[in-house]
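First the structure, in the form of structure tokens, and then the observations on it.
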Amino acid sequence: MKPVRVFVPKDSAAKSVGADDVARAISQEARARKVELEIVRTGSRGAMWLEPLVEVEVDGIRVAYGPMSAEVVPSLFDSQFYFGANHPLFLGLSDEIDWIKRQDRFTFARVGIVDPLSTDDYEVHGGMIGLRRALGLNSLEIVEEIVASGLRGRGGAGFPAGIKWRTVAQAASSKKYICCNADEGDSGTFADRMLMEGDPFTLIEGMTIAAVAVGADEGIIFIRSEYRAAIAAMQDAIDLARKKKWLGASILGSDFSFDIRIRVGAGSYICGEETAMLESIEGKRGVVRSKPPLPANEGLFGKPTLINNVLTLATVPRILELGADSYASRGVGRSLGTQVFQLSGNVARGGIVETSFGILLGDLVNDYGAGTLSARPVKAVQVGGPLGAYFPKSLFNVSMDYESLLAAGGMLGHGGVVIFDETVNMTGQAKFAMEFCAEESCGKCTPCRVGAVRGAETLHKISQGIEVSMNRGLLLDLLDVMADGSLCAMGGLTPLAVRSAMLHFAEDFESEGGD
Amino acid sequence: MAGTRGKRTKWSKESATAVLDTTRDEPGPLLISLQALQSRFGYVCDKDIELVAAACNVSRAEVHGVLTFYRDLRRTPPPNHLVQICVAEACQSLGSRSLVEAIERSCGTRIGETNADVEIQAAYCLGNCALGPAAFVDEVLIGRSTVEKIRSELSKSELRR
Ligand SMILES: Cc1cc2nc3c(=O)[nH]c(=O)nc-3n(C[C@H](O)[C@H](O)[C@H](O)COP(=O)(O)O)c2cc1C
Ligand code: SF4
Ligand code: FES
């Protein structure tokens, strides 16, 4: 008889709350009790509030227990969890956990389910079908499939992926690059990390399809240094892919060649901006370039370069596998497909929520998030990272898609949704937005470099009750100057975060002493 | 990431040159050369600047410019232990600012100060935002961080040294 398979995540977040201790305890206990188990370390299912989540395969179906801790493991064995038996932490069938069941996992289909570094697992779960299909198509056909899918860039700007691919495909050059942006600097975002740790071959396959489409032979993944486990997983996956001929010369027996290497960031938020990233990969200071030229025409080392976010590229294999319509039939308006939302901050049930575009902000916060961790009322929700707007509860009916968020004075960004309870002071948050901009500004343009420092000072004065109405006026002028005069979205959108705080939480910007 | 003491090898011109031999022929070698030196010695020392400039065929000013641009690169020897606490928005919402103050008190040092034993740094998102406050203790990621958890990880790390 084959040993029972037990799944314990090795995702960094799961490990940060004890997944390694749990795995160790299970293996010790199994040895002591002479129970034959095989422990498979997977990515995370994304229900962070249930981590460490332990799963057992019973008759080919998985049941779950969580949140687990090493101390509880002996009692798991007492109740013979390896037969899927009941236990106080028993959650039932994994796929039937309401929080997971209601989602629509398209990009994250395999994350948390497969052994991230098993090429067999990858193929059993549909891996490499997309690339095989792409290798039988011509460049134009692949590009048009991506255009038809409606896929838009998930890094922040939401630019239609297919259009960008077309530009790079049409650029005349014997040398082209694919650059995957895995800098994921936005606070409240962790989907890129989880995908790289939990399903790295998907990113490799997506980049390879992109390479076939645009005619590139070299790929680079730019990963922030904080993501050590993701860097290791990607490197291991690249090595394994080369052995399988999924990378290198004559991929899958075709006459197409492509290889990928990793560049590690050095601690800089602005290097997530695509041209600063290129500068950094070239070994220089991460200073933003003026556009034009577009990276699609003159990118890395002056060559045409396709730059896409991790999630953008990781969605590509399934689009090729299932067809453009499968993706385009999801979502609303011009926001097609699914979005990998990331619920975080002061939230009871945080993690990955992948659903079609168009879910309401309030449903994310209340239905999935189940309110705050502190059990106090929600006061504000920041959507789209540090440059994104703070929304009050009165805007919970905003539809989560590119256009609706824009119309509501915000932006989707990388899909981060950060929840704050009533104890948050919005002058403090606005001031932090300015301080962060000052800290991370590349320094190229004055409105951003100097403006952010002035903005933080002015907000400090407002928080101290010093000449509040005068300083509020000054600040509003400054926000205009930054928004209009900055070269990139760092200086250009920090005002969005600040302005939303001032608009929706005006009471926090009133004078203490009544001015 | 900023290096910790554990990884430190004593600097010598020969070993620095050996490190640079592995990076100098890469395209755009400057930043990765500095990263490689730091991962070998725990920091980039003044004597490295000249060597890097020569290896990468750039001016010393250029080396200096890159060295000072990136937060990870450090120019002083690393501490025995490095505690990095996330102070970005998602972790702020769970009190990471007061956690920083509590850790400062507990370790008897202030953020940004370099003392020989424990150094505390502010970090901006560690990708663990649904289980904040997040922190790194000598490169081990901690979720739902508290002073007790961080101190306990510091003790474990001390034993590993
Ligand atoms: C300040 C700033 C930071 C950014 N950070 C990231 C990032 O961490 N990851 C990312 O993919 N895109 C980031 N972007 C967006 C990139 O510039 C670029 O639009 C994106 O990588 C393109 O890929 P996509 O079309 O697939 O989204 C950032 C932009 C700005 C202005
Ligand atoms: S807005 Fe700020 S970060 Fe962007 S180019 Fe200007 S100075 Fe650099
Ligand atoms: S904001 Fe703290 S880990 Fe992301």
Side-chain angles (χ1 to χ4, degrees), chain A residues 12-13 15-17 48-49 51 184-190 192-194 224-230 263-269 271 280-287 301 342-347 350-352 372-374 382 385-386 416 418-421 424 428-429 432 436 439-440 442, chain B residues 1-2 23 26-36 38-39 52 56 58 62-74 84 86-97 121-136 139-145 149 153:
Chain A
S12 313
K15 284 168 66 157
S16 82
V17 288
M48 290 309 169
W49 53 287
E51 293 292 358
E184 196 165 64
D186 285 5
S187 163
T189 67
F190 43 89
D192 295 352
R193 177 187 67 65
M194 284 184 61
R224 67 200 302 244
S225 59
E226 288 85 345
Y227 284 4
R228 263 182 303 268
R263 272 298 174 92
V264 178
S268 158
Y269 177 75
C271 288
S280 192
I281 297 173
E282 291 181 10
K284 304 176 204 155
R285 297 158 48 112
V287 176
F301 299 112
Q342 299 132 78
L343 272 187
S344 74
N346 194 337
V347 60
I352 291 289
T372 61
L373 184 69
S374 59
Q382 189 177 29
V418 180
I419 295 158
F420 294 80
D421 76 10
V424 67
Q429 295 312 117
F432 177 77
F436 184 69
E439 167 83 19
E440 300 294 339
C442 82
Chain B
M1 293 301 297
T23 58
E26 290 280 318
L30 177 46
L31 177 55
I32 52 167
S33 296
L34 294 170
Q35 287 173 311
Q38 172 149 315
S39 74
V52 173
C56 301
V58 295
E62 247 171 290
V63 178
H64 186 265
V66 171
L67 185 51
T68 49
F69 186 86
Y70 294 98
R71 187 166 38 242
D72 286 356
L73 298 175
R74 64 182 296 148
Q84 295 164 298
C86 175
V87 296
E89 287 88 341
C91 290
Q92 285 170 15
S93 78
L94 290 172
S96 68
R97 287 192 191 123
Q121 287 179 356
Y124 299 95
C125 194
L126 307 176
N128 197 19
C129 332
L131 291 170
F136 273 132
E139 311 197 345
V140 173
L141 182 64
I142 317 277
R144 297 280 187 248
S145 305
K149 273 197 180 181
E153 191 56 48

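Keep in mind that what you see is a predicted model, and the values were worked out from it rather than measured. Below, chain A is the first sequence line, B the second, and so on; all start at residue 1.
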* Between A:Phe436 and B:Tyr124, does the ring centre distance come in under 6.0 Å? -> yes

* side-chain contact (heavy atoms from CB on, under 4.5 Å) with A:Val17: which of B:Leu141, B:Leu131, B:Ile142? -> B:Leu131

With a 4.5 Å cut-off on heavy-atom pairs, point out which of [options] contacts chain A the most.
{"options": "B:Cys56, B:Cys91, B:Gly65, B:Pro29", "result": "B:Gly65"}
{"options": "B:Arg144, B:Glu153, B:Lys149", "result": "B:Arg144"}
{"options": "B:Ala88, B:Gly127, B:Ser145", "result": "B:Gly127"}
{"options": "B:Leu30, B:Leu31, B:Leu67, B:Val87", "result": "B:Leu31"}

* Over all atoms of both residues, closest heavy-atom pair of A:Cys271 and B:Phe69 -> SG-CE2, 4.4 Å

* Structure fact -> Between B:Tyr70 and A:Ser280, the two heavy atoms sitting closest are OH-OG, 3.0 Å

Roughly how far, to the nearest 0.5 Å, is the [atom2] atom of [Y] from the [atom1] atom of [X]?
{"X": "B:Gln92", "Y": "A:Gln429", "atom1": "CD", "atom2": "CD", "result": "4.5 Å"}
{"X": "B:Glu26", "Y": "A:Arg263", "atom1": "CD", "atom2": "CZ", "result": "6.0 Å"}
{"X": "A:Lys15", "Y": "B:Asn128", "atom1": "NZ", "atom2": "CG", "result": "12.0 Å"}
{"X": "A:Asp421", "Y": "B:Leu94", "atom1": "CG", "atom2": "CG", "result": "8.5 Å"}

* **Test item: A:Tyr269 and B:Cys125 side chains (from C-beta on) under 4.5 Å apart, heavy atoms** => no

* Quick one: are B:Cys129 and A:Val418 in side-chain contact, heavy atoms under 4.5 Å? -> no

* Proximity breakdown for B:Glu89 and chain A, heavy-atom pairs closer than 4.5 Å -> both

Heavy-atom contact with chain B under 4.5 Å, split by part of [X]:
{"X": "A:Leu373", "answer": "side chain"}
{"X": "A:Gln342", "answer": "neither"}
{"X": "A:Thr372", "answer": "neither"}
{"X": "A:Asp186", "answer": "backbone"}
{"X": "A:Thr189", "answer": "backbone"}

* Donor-acceptor pair, side chain of A:Glu282 and main chain of B:Pro27, under 3.5 angstrom -> no

* To do: Tell me, out of A:Ser16, A:Gly350, A:Gly345, A:Ala13, who's got the most heavy-atom pairs with chain B below 4.5 Å.
  => A:Ser16

* Asked: Any idea which of A:Gly416, A:Ser374, A:Ala266 has the most non-hydrogen atom pairs under 4.5 angstrom with chain B?
  -> A:Ala266

